[in-house]
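The next block holds one structure in the form of structure tokens; read it before the comments.
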2 protein chains.
Amino acid sequence: MRLTTKGRYAVTAMLDLAIHASGKPTVLADIARRQGISLSYLEQIFAPLRKRALVSSVRGPGGGYRLARAPSAIFIGEVIEAVDEQLEATRCGGGRDCQARGACLTHQLWQDLSDHVRGYLHGVSLLDLVEHQDLRDRVQARSTPVVSGGTRVPLPGRPGLMRIAAGA
Amino acid sequence: MRLTTKGRYAVTAMLDLAIHASGKPTVLADIARRQGISLSYLEQIFAPLRKRALVSSVRGPGGGYRLARAPSAIFIGEVIEAVDEQLEATRCGGGRDCQARGACLTHQLWQDLSDHVRGYLHGVSLLDLVEHQDLRDRVQARSTPVVSGGTRVPLPGRPGLMRIAAGA
DNA sequence: CAATACTTGACTGAAATACTCGGTTATTGT
DNA sequence: ACAATAACCGAGTATTTCAGTCAAGTATTG
């Protein structure tokens, strides 16, 4: 599993979708505006989300995207794995000893860590985030218009690979 | 916390150090040979390890590096954090709402994840890895000479940032 | 049929990482 | 002393990868 800002954007977008769900599909342009993500980039992100049936799309005027399942049944891990495809298969085929001596052991370590992370992210649903959010900015959610292109913050963090962010 | 191949090398090297500890210090050249890491790169990696007092060094002939503490008291998290310094402090100062609406919430998610990962890596000691290893290749450890420059595998995986490696 | 909106894929720029190289300083053994 | 050894240091380079853009294409609806 890889963790990139692309994955973060994907989660953010899905969250946005969950929040603004209202029968009608949501157009990407709105998400782009609200979340400060470029439309083109969003398109690129939504393609794999659709392929993995996390969202469904409706074309033509009045179209847009919808969550394909209930927010409680969509897990962050799925979203990230959909977007940050792992075309990886690290050397050292299978369970054999891939390297001298030490390396393969650490390898096992990373593997375990990976499983941990995956387990964690597969345990958090969109609904969890939405609920958590409601608690946090119940006030703010009312005070700012939901749709308008007010803020338009360019980027949440600075670009580059999302570190398993000790920073904050 | 960042996870790079540099960090992986650091852990591997420390593990090597733990395994070949025998009173006398170990020279980097040996580790380089055994683990297939370039000497120069190892030097670069050991500098911060030394700064953080995870290893101690002895200069001159007969010199080399030693673990500064017992393997049971050195944790992987320390090693990685020593090497992959985080000069990070992500935007969105403090606990404020750093962004529009959605982003800061996911932010909290990443934060939690980060804490998880860190907790995990700070719970694994070098000794844990060493022991685990003994179990795994008790046979192999005898069958191949410990020192000689036999294999010389260039790289464990391919370069690039270490993904939280689903691959294997 | 015309506007809307998704779809696709190639392309680019910038950043970070991975790694090298040359030289210096401290010790030790002869 | 001298020479060999090994840690130490800092600058420098190259590759990779990611983030983001652009342009053209296709399906739907009104």
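Order of the sequence lines sets the chain letters (A, B, ...), proteins ahead of strands, with each chain counted from 1.
The distance between atom CG of A:Asp84 and atom C1' of D:dA19, rounded to the nearest whole Å, is 12 Å. The interatomic distance linking A:Lys6 (NZ) with D:dT21 (P) rounds to 13 Å, in whole Å. As rounded to whole Å, 17 Å separates atom P of D:dA19 from atom CD of A:Gln35. Atom pair B:Leu42:CG and D:dC8:P shows a separation of 13 Å (rounding to whole Å applied). Remark: P of D:dA19 and CG of A:Leu3 are 11 Å apart, rounded to the nearest angstrom. In this structure, the CZ atom of A:Arg8 is 13 Å from the C1' atom of D:dC18, given to the nearest Å. Residue B:Ile45 contributes atom CD1, which lies 15 Å from atom C1' of D:dA7 at whole-angstrom precision. Put simply, CD1 on B:Ile37 is 9 Å from P on C:dC19, counting in whole angstrom units.
Between B:Gly7 and B:Ile80, the shortest heavy-atom contact is O-CG1, 4.4 Å.
Taking side-chain N and O atoms only, B:Thr4 has a distance below 4.0 Å to OP1 or OP2 of C:dA18. Taking 4.0 angstrom as the limit, B:Tyr41 places none of its side-chain polar atoms (N or O) nearer than this to OP1 or OP2 of C:dC21. Side-chain nitrogen and oxygen atoms of A:Thr5 include at least one within less than 4.0 Å of the OP1 or OP2 phosphate oxygen of D:dA19.
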Could you list the donor-acceptor pairs under 3.5 angstrom formed by side chains in residues 54-76 of chain B, with sequence neighbours left out?
unit_1	atom_1	unit_2	atom_2	d
B:Ser57	OG	B:Arg50	NE	3.1
B:Arg66	NH1	B:Gly23	O	2.1
B:Arg69	NH1	B:Ala73	O	2.8
B:Arg69	NH1	B:Glu78	OE1	3.3
B:Arg69	NH1	B:Glu78	OE2	3.2
B:Arg69	NH2	B:Glu78	OE2	3.1

Please list every donor-acceptor pair under 3.5 Å in which a side-chain atom of residues 36-45 of chain B meets a protein atom from a residue at least two apart or in another chain.
unit_1	atom_1	unit_2	atom_2	d
B:Ser38	OG	B:Tyr41	N	3.0

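Side-chain atoms of A:His116 never come within 3.5 Å of backbone atoms of A:Asp112 as a donor-acceptor pair (strictly under, hydrogens ignored). Checked by atom type and distance alone, the side chain of A:Thr5 never pairs as donor or acceptor with a backbone atom of A:Arg8 at under 3.5 Å. A distance-only check finds no donor-acceptor pair linking the side chain of B:Ser114 to the backbone of B:Trp110 [under 3.5 Å].
Hydrophobic clustering keeps A:Leu129 apart from A:Leu127 (ILVMFWY residues linked when any side-chain heavy atoms are closer than 4.5 Å, directly or through intermediates).
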Any N/O pairs under 3.5 Å between the protein and nucleotides 9-15 of chain D? List them or say none.
unit_1	atom_1	unit_2	atom_2	d
D:dC9	N4	B:Glu43	OE1	3.4

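In terms of the side chain to side chain donor-acceptor pair (under 3.5 Å) criterion, residue partners of B:Ser125 (sequence neighbours excluded) are, by chain and number, B:Asp128.
A heavy atom closer than 4.0 Å to some atom of DNA chain D occurs in B:Ser57, B:Val58, B:Arg59, B:Gly60, B:Pro61, these being the qualifying members of residues 54-62 of chain B.
A salt bridge does not link A:Asp115 to A:Arg118: none of the charged nitrogens lies less than 4.0 Å from a carboxylate oxygen.
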